[in-house]
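Contents: one structure, followed by commentary.
To find a chain, count down the sequence lines: A is the first, B the second, and so on, and within it residues start at 1.
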Number of protein chains: 2
Amino acid sequence: MLIGELAVQTGMTKDGIRFYEKVGLLTGRRLPNGYRDFPPEAVPWLHYVRTAQTLGFSLAEIARHGEELRDAPDTAEALSALLAEKIRLIDARMAELAALRADLDARVGTGCPLRAADPVS
Amino acid sequence: MLIGELAVQTGMTKDGIRFYEKVGLLTGRRLPNGYRDFPPEAVPWLHYVRTAQTLGFSLAEIARHGEELRDAPDTAEALSALLAEKIRLIDARMAELAALRADLDARVGTGCPLRAADPVS
DNA sequence: CTAAACAGTGGACTACGCTCCAAGGTCAAG
DNA sequence: CTTGACCTTGGAGCGTAGTCCACTGTTTAG
């Protein structure tokens, strides 16, 4: 698959895809003419990358996790460990969100909690 | 409260605090000598800002929300609306995280799901 | 009076995650 | 053989969120 089609199928720009390759999120095969050639699996992979990214994982983290997987002696086990680790991170983030939510919930109707901190009032 | 003490009490740098003031997260009173003078409420406010920020809200968003509050005719009502809005956002984020978590969960032990997308293997 | 410990400003610089652009190579159709 | 659509590279530029620095002013203690 050439870069343009991958761009269409993932909703990314070509420049974005090239950037992702540059930072190691995608490894590049080249056709004899120098064009990049992506396997179809690149599509779900990029969707996964976008999802993980919007959830607060940096591209470097995502790339590093990919590499850890690639270099693991026992892939199935390494994969499980990595996913378990990600799940722990997600749980931690969810807990933080729950705490903020509870905090805001508690402030609703209790006067002027945020504004009190804003000296303009 | 002078900037140095606020920095100590919030764990921020003075430069960071000045930056926050510059982008409108903090409004500056000045002493006759030109020094910034912060009310004690700035401490919980900055803690709140940091929390909201780590949860994915941009400084611009946080500042804008603060302004919306300030400009609202009925502060208590506006506050409730704003907090309700934030809570909705948080719920949406939590739902996304839950979805990713379930996705990862489902992948654990099912072969080579991420690696399949990484053409190096 | 001077030195130390604070404060102020402006501007350069960083890292991340892109986006845009110019100049040029490749390929299929007419 | 040219046109157009596609691809390549390198480099500049941008927005966000700061950090760091030099130089200068202010306050306090000895």
Looking at the side chain of R18(B), which of dT26(C), dT9(C), dC7(D) is the nearest nucleotide?
-> dT9(C)

For the side chain of L59(A), starting at C-beta, report the closest nucleotide among dC18(C), dC7(D), dG8(C).
-> dC18(C)

Rounded to the nearest angstrom, tell me the gap between atom NZ in K22(A) and atom P in dC20(C).
-> 15 Å

Can you measure from CZ (R50(A)) to OG1 (T10(A)) and round to the nearest 0.5 angstrom?
-> 7.5 Å

Name the closest nucleotide to the D15(B) side chain, picking from dG17(C), dT9(C), dC20(D).
-> dC20(D)

For R36(B), report the nucleic acid contact type (base, sugar-phosphate, nothing); a contact means any heavy atom under 4.0 Å.
-> sugar-phosphate

Whole-Å distance separating the CZ atom of R64(B) from the P atom of dT16(D) | 12 Å

Length of the line joining I3(A):CD1 and dC27(C):P, which is rounded to integer Å | 16 Å

Send over the distance from M12(B) CE to dG18(D) P, rounded to a whole Å.
-> 6 Å

Side chain of L2(B) (C-beta onward), nearest among dA7(C), dA17(D), dG17(C) | dA7(C)

Taking 4.0 angstrom as the limit, do R88(A) and D91(A) come out as a salt bridge?
-> no

Please state how far atom NZ in K14(A) lies from atom P in dA22(C), giving the value in whole angstrom units.
-> 16 Å

Ranking dC20(C), dT8(D), dG25(D) by distance to the side chain of Y35(B), first place goes to dG25(D)

Co-membership, hydrophobic cluster, residues L46(B) and Y35(B), 4.5 Å side-chain = no

Only residue of K14(A), R29(A), R30(A) satisfying salt bridge (charged side-chain N to carboxylate O under 4.0 Å, His left out) with E21(A) is R30(A)

Between Y20(B) (OH) and dA17(D) (C1'), how many Å, whole number?
-> 8 Å

Closest heavy-atom pair, H47(A) versus Q9(A), reported as atoms and distance to 0.1 Å, is NE2-O, 3.6 Å

At under 4.0 Å, does any side-chain N or O of S58(B) touch on OP1 or OP2 of dT16(D)?
-> no

With respect to the side chain of F19(B), which nucleotide from dC27(C), dC7(D), dT19(D) is positioned closest?
-> dT19(D)

Taking the nucleotide of DNA chain D with the closest heavy atom to each, which residue, N33(B) or F57(B), is nearer the 5' end?
-> F57(B)

Does a nitrogen or oxygen in the side chain of Q53(B) sit under 4.0 Å from OP1 or OP2 of dG18(D)?
-> yes

Starting from C1' on dG18(D), measure out to CD1 on I17(B) and report it in whole angstrom.
-> 13 Å

Distance, rounded to the nearest Å, where R30(A) contributes CZ and dT8(D) contributes C1' = 8 Å

